[in-house]
Amino acid sequence: MKPGPRVHRSPQRAAEVAILFCMSRFIQVAVPLPLRHPLSYRVPDGWPVPRVGSRVLVPVGPRAVTGCVVENNVRSVPVDEDAIKDILKQVDDEALVSPTVMKLALWAADYYLCGPGQTLEAAGPPGGQSGFRMVRHFEITSVGRAFLAERTLGGASKRTGTIGPRQRLALETLVDTKVGLGQPLLVKRGVPAATLNRLIARGFVRGEHRRVMRHPSEEGGTEHQSSRILTSEQSVVLAGLSATLSNKGFHVALLHGVTGSGKTEIYLRLAVEAQRLGLRVLVLVPEIGLTPAMVRVFRPVFGTRLAIQHSGLSAGERHDQWHQTRAGEVDVVVGTRSAIFAPLENVGLIVVDEEHDASYKQEEIPRYHGRDVAIMRAKQAGALVVLGSATPSLESYSQATRGRYELITLSKRITGQPLPTVKIVDMREEYRERGHEIVLSRLLVTGIERRICKGEQVIVLLNRRGFASAVFCRECASTANCPNCSVSLTVHQVKRRMQCHYCGYWRSLSAHCVLCQGEYVELTGIGTERIEREVRRSCPEARVARMDRDTVARRGAVSALLARFGRLEIDVLVGTQMIAKGHDFPQVTLVGVVSADIGLGIADFRASERTFQLLTQVAGRSGRGKEPGEAIVQTLYPDHYSIYHASHQDYQGFYRDEIAFRKAMRYPPSLALVNLIIRGRTLGAAMRDGALLAEQLRRHAQDEWVLGPAPAALGRLKGEHRVQVLAKGTHRGRLREMVDSALGALPRLGRLITVDIDPVSVR
Ligand code: ADP
Ligand code: ZN
């Protein structure tokens with residue numbers, strides 16, 4: 001430490017000196033690394049001070065990292081000034097992250113106990129593309145027009161005489177267009193760049209650079225009827241929400257509407273109302289696959305004032321959509337959870353569709369929940385949030401029952417059709433009568449056949465891809481497991497492989513046991529591949545297709561498959577929960593659920609909630625047209641409350657049972673939960689570190705509970721052992737402080753611990 005400024009004792013004098021020392025200027029930069037606080041840097045003399053919200057290149061250790069300026073008027077720095085390094089480069093000369101988005105990102109970092117640079121990275125411009133695509137655009141000038149006219153008339157020209165065939169082609173092509181043409185099109189028509197340059201030199205053509213937008217393509221086009229008459233239920237709901245919107249204050253409404261009750265139409269009308277009030281709108285959907293359906297409804301109304309934001313776009317499209325939004329050229333952004341950080345100002349309405357969906361939770365750093373960040377963004381902006389779902393999360397519904405959110409109900413389907421009837425098939429009986437080999441119950445098979453004869457469609461759901469979920473050797477009783485993770489390998493018959501769904505490990509399928517070479521290997525557990533085969537076998541006349549992560553790996557494959565289904569080119573669609581969500585196919589009159597209880601065996605406090613949601617959602621795909629719908633649910637636990645209530649479409653009944661369970665077991669939403677996973681090369685090491693962490697947590701606890709350490713349910717993942725510590729508390733803020741203090745006391749463990757605030761799963 002240099003003695004210099006230290007000699008001045010009075011605080012006032014110290015401040016004066018600090019101002020003097022400000023000749024060298026300091027800024028604070030958040031870098032995308034797991035550091036809980038921004039770092040200080042110096043702006044070299046003669047450089048302009050970078051704006052808050054702009055990006056700078058800074059040295060971190062031996063590396064150069066791009067970070068975001070969070071503070072640019074720093075009077076004094078906590079460490080020795082000489083130790084502070086200079087920034088290396090200013091990346092932007094303007095602030096790409098606005099004060100509103102900055103505030104949100106900093107809140108998220110604080111709340112989720114991660115680095116401000118990590119949330120700011122999510123809020124910043126997409127990488128990969130540095131600018132708009134510019135294309136040279138050409139128009140014919142009046143001189144060029146006159147020249148061409150004289151030539152065509154055959155009159156001898158007073159002007160410069162000759163013109164080559166390519167120059168002539170260019171002029172003739174351009175004269176036919178009112179607005180001119182871009183260079184790529186002219187080149188395609190046989191006019192090279194050199195010709196265009198020559199024409200410019202002669203004054204016949206004018207050229208300029210223009211921005212060309214890379215628009216995400218959408219299938220389907222404009223199928224929306226904006227002249228639709230709302231149902232009386234919809235009208236009442238819309239009127240209420242519109243009034244709330246025009247009050248321009250923070251408000252959360254939970255729109256609990258049964259499947260097919262027309263929630264999307266309400267979002268749309270409300271967005272129109274917001275636009276009329278000069279407010280901007282954010283619409284979140286849980287998955288990329290659900291954006292096309294939402295965009296198809298919104299695009300005809302908002303045109304180019306609508307932007308899309310999700311990771312499925314190409315780098316160019318993402319760049320253009322993001323920067324157009326930031327430039328204020330957009331009123332509505334539709335996107336997945338990351339769109340909650342969209343660079344939109346003056347937000348008055350945020351819609352979170354299918355708010356219960358677990359996909360809103362990001363399962364990597366920053367581990368934020370899109371719905372919860374949406375509520376905070378609305379709070380900061382004084383906006384209305386509409387959370388929509390047919391199966392609200394326990395979190396949101398309990399807030400509504402306590403009067404913190406407004407509860408709005410849509411109880412009828414648009415078509416006036418009743419909700420589908422749900423039949424439960426007890427598979428234990430089926431197995432007793434027909435043996436354990438069977439996969440499809442008689443009821444389901446005859447159900448499928450009946451629909452196909454009538455030209456109707458069927459969805460068959462199984463929440464597990466692959467052919468079989470395990471390979472079991474009847475000689476040595478071993479199963480084929482992943483060497484890196486504590487799960488069995490899934491058999492993929494089509495690829496002739498056994499594969500781990502967690503780390504991607506695979507090996508070829510063999511007819512012998514890997515351990516004892518025994519010949520009696522058995523495939524146990526079923527996957528979607530197997531179901532597809534069984535449906536084909538049972539109903540040979542049906543046109544069957546499968547939709548899961550294996551069949552839709554290609555970009556655009558999901559919408560292509562759904563479009564084929566929509567055109568009735570497929571009779572039976574077999575798939576994972578991908579097909580359960582959001583889609584609207586009026587010809588589907590039967591939904592089969594092959595094994596309703598797959599999720600129930602999973603050691604997770606949300607297992608019942610997930611099962612109930614999945615069954616209700618998938619049953620809701622049925623009977624959305626003129627014909628009534630039916631769902632057939634196969635299960636080994638027909639009496640389980642999640643299956644029972646789902647079969648009666650009874651959300652309240654389920655909520656009552658489930659909230660009682662959560663209270664008894666001290667799980668959210670009855671209190672707040674933090675899941676801490678400690679990774680280690682050996683179980684012993686992870687348990688030792690876990691014990692240190694638990695001890696620190698207990699030391700900082702007031703009336704919080706600390707459970708563990710214990711091996712996590714998913715005990716090994718990608719070669720590492722996983723140990724779990726759970727922290728619970730009734731006071732959210734205090735719980736977070738406790739975790740923060742404990743982690744602060746164990747800097748050595750920082751890299752080995754994953755902190756998950758409000759986890760959606762505790763495996
Ligand atoms: P939800 O999201 O509540 O399940 P949707 O918004 O998908 O329901 O609406 C179900 C179907 O009803 C869609 O095909 C939608 O286009 C249609 N629909 C919605 N509102 C109306 C209306 N007022 N008149 C006619 N059809 C409507
Ligand atoms: Zn694995």
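Counting starts at 1 for both ligands and their atoms, in listed order. Because only heavy atoms are used, hydrogens play no part in the values below, and waters and symmetry mates are left out as well, while side chains stay in. This is a predicted model, so every value here is computed, not measured.
- Residue Ile414 has no N or O atom closer than 3.5 Å to an N or O atom of ligand 1.
- Near Thr259, meaning under 4.0 Å from any of its heavy atoms, are these atoms of ligand 1: 4 (O).
- Taking the six-membered ring where tryptophan is involved, the planes of His648 and Tyr644 are tilted, since the angle between them lies from 30° to 60°.
- Contacts between Arg228 and ligand 1, counted as non-hydrogen atom pairs separated by less than 4.0 Å, involve the side chain only.
- Of all atoms in ligand 1, numbered sequentially from 1 with element shown, those under 4.0 Å from a heavy atom of Ile229 are 22 (C), 23 (N), 24 (N).
- Here Arg367 contributes atom CZ and Thr754 contributes atom OG1; the two are 5.5 Å apart, rounded to the nearest 0.5 Å.
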Please assess Arg530 against Val491 for the test side-chain contact (heavy atoms from CB on, under 4.5 Å), listing each intermediate value before the final yes or no. CA-CA 10 Å; Arg530 173 89 188 274; Val491 178; over 6 Å; no

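- When each of Val285, Leu284, Ile288 is paired with His310, the side chain to side chain contact (heavy atoms under 4.5 Å, CB included) condition holds for Ile288 and for no other.
- Under a 4.0 Å criterion applied to the non-hydrogen atoms of Thr264, ligand 1 contributes the atoms 2 (O), 5 (P), 6 (O).
- Atoms of ligand 1 lying under 4.0 Å from at least one heavy atom of Glu265, given by number and element, are 20 (N).
- The closest approach between a heavy atom of Arg413 and any atom of ligand 1 is not below 4.0 Å.
- The closest side-chain heavy-atom distance from Tyr397 to Ser389 is not below 4.5 Å.
- Within the structure, ligand 1 lacks Gly257 among the residues with a heavy atom less than 4.0 angstrom away.
- Taking the side chain as every heavy atom from C-beta outward, Val330 and Arg305 never approach each other to under 4.5 Å.
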